[in-house]
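Only one structure is covered here, and it is reproduced in the block below.
Treat the numbers as computed from the prediction; the structure is a model and nothing was measured.
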Amino acid sequence: MKNIIFPFWLFICFTTFGQKTLIVQKNKTYTITINTRALVIDTLILEDNSKIIVNDNVMAFSLIAKFAVIGDNVLIDGSKKISGSEGKNGADSPDSRECAIGLKGEDATDGTNGIDAANIFLYLRLKKIGSLKINALGTIGSSGGKGGAGGKGGDGNILGCSAKSGGGGGKGGNGGDGGDGGDVIFNYTFLDSQGKPLINQPSLSQVQVELSGGRGGIGGSGGQKGQAGRIKPQGPKANESNVLNGSRGLDGKFGKNGIYLKTSIPNL
């Protein structure tokens, strides 16, 4: 995730004007799209159990409200809902014919990375607030695929061909990295009954912020080793000292955990 503190002048340049009031009714959801990702409004009312959900294609959401009332159990969610695809398992190799070396199992593919949460920037003049939760959680990385098993080595035969070593297992896929948590900046001012800023501003204890990074994906297990071919006792004696089982495939690496960046809730 890009570590950016959104400057006010840049916010103004990309702000959507013209909307006077935003009311999200009780138990209802308002979705932030590309067209509404930056808002300046006169009045914001978020009723009890209402939600503001940021679309997956929006990487930053900013809101300025001159007058705001926030009810109980309100949610602003910038976490992504996209799920990454798991790594594909490698194919097992077939057993080899007589006198042929065992084939290596197919390597698995890596899991995909998690998705970074949206940055959230709020500038509110608060008349009343019940309880607000802000989520900006990175999604988890997907797991890597399992490596394919190595093929069995070919048997020796009566004509004097020696048995052959088994094939190695395929490499397990690496887990995807977890997505980063978002930046959350919340500037606020409490207003009195006349709509003027309070002289002594209280702390904003009614807000809970969750912005941890996603867990890295699990590495896929390496493919099983192929077995060595069998020695045929009927034929002339052959040197079988190098007839070995194949090696087990390497396990995939775990993806890195996503990081969380910054949260700040100062009063203006």
> From Leu46 CG over to Ile23 CD1, what is the distance, rounded to the nearest 0.5 angstrom?
Replying inline: 10.0 Å
> Can you tell me how far the OG atom of Ser221 sits from the CG atom of Asp251, to the nearest 0.5 Å?
Replying inline: 6.0 Å
> Looking only at atom types and distance, does a side-chain atom of Lys81 sit under 3.5 Å from a main-chain N or O of Ser79, one as donor and one as acceptor?
Replying inline: yes
>> Checking Tyr188 against Phe190 for the ring pair (Phe, Tyr, Trp, His ring centres under 6.0 Å) test, could you report, in this order, the C-alpha distance in whole Å, the side-chain angles of both residues, the deciding distance, and whether it holds?
In response: CA-CA 7 Å; Tyr188 69 94; Phe190 277 100; 5.6 Å; yes
>> Within the 4.5 Å heavy-atom criterion, are Lys20 and Ile41 side-chain neighbours or not?
In response: no
> Measuring from Glu86:CD to Thr112:OG1, what's the distance to the nearest 0.5 Å?
Replying inline: 7.5 Å
>> Can you see whether Asn35 engages Thr33 through a side-chain donor-acceptor pair at a distance of less than 3.5 angstrom?
In response: no
> Do you know which two heavy atoms are closest between Ser85 and Ser142, and how far apart they sit?
Replying inline: O-CB, 3.2 Å
>> If hydrophobic clusters are built by linking Ile, Leu, Val, Met, Phe, Trp and Tyr wherever their side-chain heavy atoms come under 4.5 Å apart, do Tyr123 and Val40 end up in the same one?
In response: yes
>> With heavy-atom distances below 4.5 Å as the criterion, would you say the side chains of Tyr30 and Lys51 are in contact?
In response: no
>> What I'd like to find out is whether the side chain of Asn49 reaches to under 4.5 Å of the side chain of Asp72, using heavy atoms alone.
In response: no
> Can you get from Ile53 to Ile134 by hopping between Ile, Leu, Val, Met, Phe, Trp and Tyr side chains that sit under 4.5 Å apart?
Replying inline: no
> Under 4.0 Å between a Lys/Arg side-chain N and an Asp/Glu carboxylate O for Asp48 and Lys26?
Replying inline: no
> Should Leu211 and Val74 be counted in the same cluster of Ile, Leu, Val, Met, Phe, Trp and Tyr side chains packed under 4.5 Å apart?
Replying inline: yes
>> Rounded to the nearest 0.5 Å, what separates atom CD1 in Ile185 from atom CG in Leu122?
In response: 9.5 Å
> How close do Ala136 and Ala118 get, heavy atom to heavy atom, and via which atoms?
Replying inline: CB-O, 3.8 Å
> Can you hop from Ile32 to Leu75 via hydrophobic side chains spaced under 4.5 Å?
Replying inline: no
> Counting only heavy atoms not in Lys146, do more than 12 sit closer than 6.0 Å to its NZ atom?
Replying inline: no
> Is any side-chain heavy atom of Gln194 closer than 4.5 Å to a side-chain heavy atom of Leu191?
Replying inline: no
> Does Asp177 use its side chain to pair, donor to acceptor, with the backbone of Lys256 at less than 3.5 Å?
Replying inline: yes
> Which residue pairs pass the side chain to side chain donor-acceptor pair (under 3.5 Å) test with at least one member in residues 202-215, sequence neighbours excluded?
Replying inline: Gln208-Glu210
>> Would you say that Ile52 contacts Phe61 through its side chain, given a criterion of any heavy-atom pair below 4.5 Å between the two side chains?
In response: yes
> Any side-chain heavy-atom pair from Phe186 and Leu132 closer than 4.5 angstrom?
Replying inline: yes
>> If I take atom CG from residue Asn245 and atom NZ from residue Lys225, how far apart are they, to the nearest 0.5 angstrom?
In response: 5.0 Å
>> Contact between Asp116 and Met59 at the side-chain level, heavy atoms closer than 4.5 Å - yes or no?
In response: yes
> Can you tell me how far the CG atom of Leu44 sits from the CG atom of Leu22, to the nearest 0.5 Å?
Replying inline: 5.5 Å
> With a 4.5 Å heavy-atom cut-off, do Ile76 and Leu63 have their side chains touching?
Replying inline: no
> Is the backbone N or O of Ile101 less than 3.5 Å from a side-chain atom of Ser96, with the two atoms forming a donor-acceptor pair by type?
Replying inline: yes
> Looking at Arg230 and Asp155, does any basic side-chain N land under 4.0 Å from a carboxylate oxygen?
Replying inline: yes
> Same cluster or not: are Ile115 and Val184 linked, directly or through other Ile, Leu, Val, Met, Phe, Trp or Tyr residues, by side-chain heavy atoms under 4.5 angstrom apart?
Replying inline: no
